[in-house]
Amino acid sequence: MNASSEAEWDPQLLLEHARQARERAYAPYSHYRVGAALLGRSGRIYTGCNVENAVYPLSTCAERTAVVKAVSEGEREFVAIAVVTENGGMPCGACRQTLREFADDLIILIGDAAGHYRQTTLSQLLPESFSAADLPSVPPESSCPTWR
Ligand code: THU
């Protein structure tokens, strides 16, 4: 799916994709249906829904479904994500950190079933975050003879 470019994109279109993705949610245990739509810098939109499992911890959130779909399709830079639930629930901590891996900042649209939404950012939801920049760089091979 394609949207308009990074400079000019339509929040309502992204929310609509998230709404449609929410209809595909597999949530027989929590009955809490979540849909997400992630806009890549290419203009492509990657949707995701929550996919639960009888082994509860194996359940996957909608946002992470969308990220995995996008990255596995070759897209690693993102502009915005829309997340739609019944009541405008916020992305969980695990999803915030997963999004942080691929974006310094990101526009986040939080929508509800009534069609209302509000806009925030990843840096607001995950301030002072940990990222790859915090990891010490791997020493060059020559300085670590024991690795050979
Ligand atoms: N869920 C999401 O899909 N995204 C979130 O950010 C929060 C929670 C899902 C996981 C589970 O299927 C259901 O909502 C209830 O926690």
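Note that ligands are numbered from 1 as they come in the structure, with each ligand's atoms numbered from 1 the same way. Numbers for residues simply follow the sequence, beginning at 1.
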Atom 1 (N) of ligand 1 within contact range, any protein heavy atom under 4.0 Å: yes
message: Counting non-hydrogen protein atoms only, what is the nearest one to atom 9 (C) of ligand 1? Give residue, atom name and distance.
response: Asn50 ND2, 3.6 Å
Ligand-residue contact atoms, ligand 1 with Ser30, heavy atoms, under 4.0 Å: 13 (C), 15 (C)
message: Please tell me whether Thr98 and Arg64 have a donor and an acceptor in their side chains that are separated by less than 3.5 angstrom.
response: no
message: Please determine whether any non-hydrogen atom of Ser59 lies less than 4.0 Å from an atom of ligand 1.
response: no
query: Taking the side chain as C-beta and beyond, is there a heavy-atom pair between Arg19 and Glu16 under 4.5 Å?
result: yes
task: Please check if the side chain of Glu63 supplies one atom and the backbone of Cys95 the other of a donor-acceptor pair under 3.5 Å.
output: no
task: Note the single closest protein heavy atom to atom 3 (O) of ligand 1, along with its residue, its atom name and the distance in Å.
output: Ala62 N, 2.9 Å
message: Checking a contact table here: which protein heavy atom is nearest atom 4 (N) of ligand 1, and how many Å away?
response: Glu63 OE1, 2.8 Å
message: Under the criterion side chain to side chain donor-acceptor pair (under 3.5 Å), I'd like the reasoning laid out for Glu101 against Gln97: C-alpha separation, chi angles, the key distance, then a yes or no.
response: CA-CA 7 Å; Glu101 182 68 20; Gln97 184 65 37; 5.3 Å; no
message: Give me the residue, atom name and distance of the protein heavy atom closest to atom 11 (C) of ligand 1.
response: Glu52 OE2, 3.3 Å
- request: Please work out which of the three classes, parallel, tilted or perpendicular, describes the rings of Tyr46 and Phe78, given edges at 30° and 60°.
  value: perpendicular
- prompt: Which residue supplies the protein heavy atom nearest to atom 8 (C) of ligand 1, what is that atom called, and how far is it?
  reply: Cys61 SG, 3.9 Å
field: Per-atom contacts of ligand 1 with Pro91, taking only distances under 4.0 Å to non-hydrogen atoms
entry: 6 (O)
query: Under 4.0 Å from any heavy atom of Cys92, which atoms of ligand 1 are there?
result: 5 (C), 6 (O), 7 (C)
query: What's the verdict on side-chain contact (heavy atoms from CB on, under 4.5 Å) for Arg33 and Glu86, showing C-alpha distance, side-chain angles and the deciding distance?
result: CA-CA 7 Å; Arg33 301 162 72 81; Glu86 178 67 32; over 6 Å; no
query: With a 4.5 Å limit on heavy-atom distance, are the side chains of Lys69 and Thr47 in contact?
result: yes
